[in-house]
Amino acid sequence: MRSTRFLARSAAPAALGVLGGCGALDGYQSALNPAGVQAERIYHFWWFALAIASVVFVLVIGMMLYSALRTPADPGDPEAERARTRTMTRWVVGSVAVTALILLVYFVVDLSLGRAEASLGRGAGESGLTIEVQGHQWWWDVRYQDPSPARMLRTANEIHVPVGRPVKLRMTSGDVIHSYWVPNLHGKKDLIPGHWTETWFQVDEPGVYRGQCAEFCGHQHAKMGLLVVAHPPEEFAAWYQQQLEPAPPPRTPQQARGLEVFLAHPCVMCHTIRGTPAGGKVAPELTHIGSRRMIAANVLPNTRGHLGGWITDPQKIKPGTKMPPNQIPPQDLQALLAYLESLR
Ligand code: CUA
């Protein structure tokens, strides 16, 4: 009796812990907290699948208990033996039929779900926003497309979108296969080297949604996160306009020294800061790095301390990343950080 009570008392927190681990309670990076029509369909499908699986589970456990606890028929009685065989045959045939039916239902629901999810792209036409995303070990290169080249925009690891407008992602990879997954917004889509894949999504509630690379892509796969930031349309337009601007010029002598440090170190070989001679294309765009929430593909909050640690020894934080350590004298490092922070 005491052990039953103990089980009951520990089961509830354990269940809460499991759900919390899935993000069901805080809703951050969770397929159980949909923020768009497509994620909502997946959410309903998830509960439907869980309901069926739960019924099957309860039935199977019930039958196991029944067969373990029931009194076996007398082995010497041939009539009882034949009746047992008949009952068993009926149960096996019935279970196979029910299994086939469940699989058929899943198949039909899955097909119609896939069609419904794709309908967003078919209906969007010219109203959509197109963003190209290229996966790299281990970060996301984000390029906003526009008929006017002057309005094309490049950024990294943080995708801003307007709410209520369909967004098309055209995706590829620069090295190995990655997978784009923002659970609050849609299902997964692979990024494949030398091949373009497409997916559409729409966010209906403003907010910040965390995403994660969902295909093992090497040493730091787990540290390949991203954020989708959904704004009301006017706020998005303001953000876009601000991001199109080149980097603001240094406003203090320390920031000016910081720009010199940036240009004198290997940073300039890989990173772009528009409005300065730095035009490297193999690493994240830094023109407005100061305005981003996180650094290193959503690994660290964008604070001065973390940025300093990252620049000095990225291999300690994310071993295997392509960014080398940088030996920069303390005063120069502080100047560099002051400059990067000013890039808003
Ligand atoms: Cu990229 Cu896993």
Subject >> Worked verdict on W239 versus Y144 for ring pair (Phe, Tyr, Trp, His ring centres under 6.0 Å) >> reply: CA-CA 13 Å; W239 173 84; Y144 289 76; 5.7 Å; yes
**OP:** Run the numbers on L227 and R210 for side chain to side chain contact (heavy atoms under 4.5 Å, CB included), then give the verdict.
**Re:** CA-CA 5 Å; L227 291 178; R210 191 183 189 280; 4.2 Å; yes
**OP:** Would you sort out whether L337 and I311 count as a side chain to side chain contact (heavy atoms under 4.5 Å, CB included), showing the intermediate values?
**Re:** CA-CA 9 Å; L337 292 171; I311 292 171; 4.0 Å; yes
Original post:
Could you walk me through whether V142 and N157 pass the side chain to side chain contact (heavy atoms under 4.5 Å, CB included) check?
Top reply: CA-CA 7 Å; V142 179; N157 300 326; over 6 Å; no
**OP:** List the steps and the verdict of side chain to side chain contact (heavy atoms under 4.5 Å, CB included) for Y240 and H160.
**Re:** CA-CA 8 Å; Y240 198 89; H160 290 246; over 6 Å; no
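Nearest heavy atom pair, residue A230 against residue Y209, reads CB-CE1, 4.2 Å. When all heavy atoms of A39 and P183 are compared, the closest pair comes out as CB-O, 4.2 Å. When all heavy atoms of L244 and M152 are compared, the pair lying nearest together is CD2-O, 3.7 Å.
Under the 3.5 Å distance criterion, the side-chain polar atoms of K318 are left unmatched by any main-chain donor or acceptor of M323. Panel note: side chain D141, backbone Q134; no donor-acceptor pair is recorded below 3.5 Å. When atom types are taken as modelled, the side chain of Y180 and the backbone of G211 share no donor-acceptor pair closer than 3.5 angstrom. A donor-acceptor distance shorter than 3.5 angstrom exists from the side chain of Q212 to the backbone of H221, with no hydrogens or angles considered. Of the possible donor and acceptor atoms, one in the side chain of Q137 sits under 3.5 Å from a partner among the backbone N and O of C217. The main-chain N or O of S148 is found under 3.5 Å from a side-chain atom of D146 such that the two form a donor-acceptor pair. For the pair N184 (side chain) and S30 (backbone), a donor-acceptor distance under 3.5 Å is present. Remark: the backbone N or O of P193 is not paired with any side-chain donor or acceptor of T172 at under 3.5 angstrom. Side chain of H265 to main chain of V261: a donor-acceptor pair is present (N/O by atom type, distance under 3.5 Å, no hydrogens or angles). Side-chain atoms of Q315 come within 3.5 Å of backbone N or O of G320 as a donor-acceptor pair.
Take E260 and apply the salt bridge (Lys or Arg N to Asp or Glu O under 4.0 Å) test, not counting sequence neighbours, and it matches R257.
With a 4.5 Å cut-off on side-chain heavy atoms, M171 and E132 do not count as touching. Between W140 and M224, the closest side-chain pair of non-hydrogen atoms falls below 4.5 Å. The shortest distance between side-chain heavy atoms of D190 and S179 falls below 4.5 Å. At least one side-chain heavy atom of H219 sits less than 4.5 Å from a side-chain heavy atom of P319. Contact of the V229 side chain with the R293 side chain is registered, since non-hydrogen atoms from C-beta on lie closer than 4.5 Å. With a 4.5 Å cut-off on side-chain heavy atoms, L191 and E215 do not count as touching. I159 has its side chain out of reach of V182: every pair of non-hydrogen atoms, C-beta onward, lies at least 4.5 Å apart. Residues L226 and V133 have side chains not in contact (no heavy-atom distance under 4.5 Å, counting atoms from C-beta outward).
Using a cutoff of 4.0 Å between basic side-chain nitrogens and carboxylate oxygens, E285 and R274 are scored as salt-bridged.
Atoms CG and CZ, from N298 and R292 in turn, are 12.0 Å apart once rounded to the nearest 0.5 Å. In this structure, L65 CG and R70 CZ are separated by 13.5 Å, a value rounded to the nearest 0.5 Å.
F48 and L59 sit in two unconnected hydrophobic clusters of ILVMFWY residues. Membership requires side-chain heavy atoms under 4.5 Å apart, directly or through other members. Residues W91 and L101 do not share a hydrophobic cluster, clusters being chains of Ile/Leu/Val/Met/Phe/Trp/Tyr side chains in contact below 4.5 Å. Hydrophobic clustering (ILVMFWY, side-chain heavy atoms < 4.5 Å, transitive): V37 and Y43 are in distinct clusters. No path of Ile, Leu, Val, Met, Phe, Trp and Tyr side chains, each step under 4.5 Å between heavy atoms, connects V268 with V282, placing them in separate hydrophobic clusters.
Side-chain contact of Q242 with R344: a donor-acceptor pair under 3.5 Å is absent, judged by distance alone. Residues R154 and Q243 have side chains that never bring a donor and an acceptor to within less than 3.5 angstrom of each other.
Ring orientation note: the planes of H136 and W139 are close to parallel, at an angle under 30° on the 30°/60° scale.
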Which side-chain N or O atoms in residues 105-115 pair as donor and acceptor under 3.5 Å with protein atoms at least two apart or in another chain?
{"residue": "Y106", "atom": "OH", "partner": "A49", "partner atom": "O", "Å": "3.4"}
{"residue": "S112", "atom": "OG", "partner": "V108", "partner atom": "O", "Å": "3.4"}
{"residue": "S112", "atom": "OG", "partner": "V109", "partner atom": "O", "Å": "3.0"}

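Aromatic pair F262/Y339: centroids not less than 6.0 angstrom apart.
Of the residues H186, K189, E117, the one that meets the side-chain contact (heavy atoms from CB on, under 4.5 Å) test with F201 is H186.
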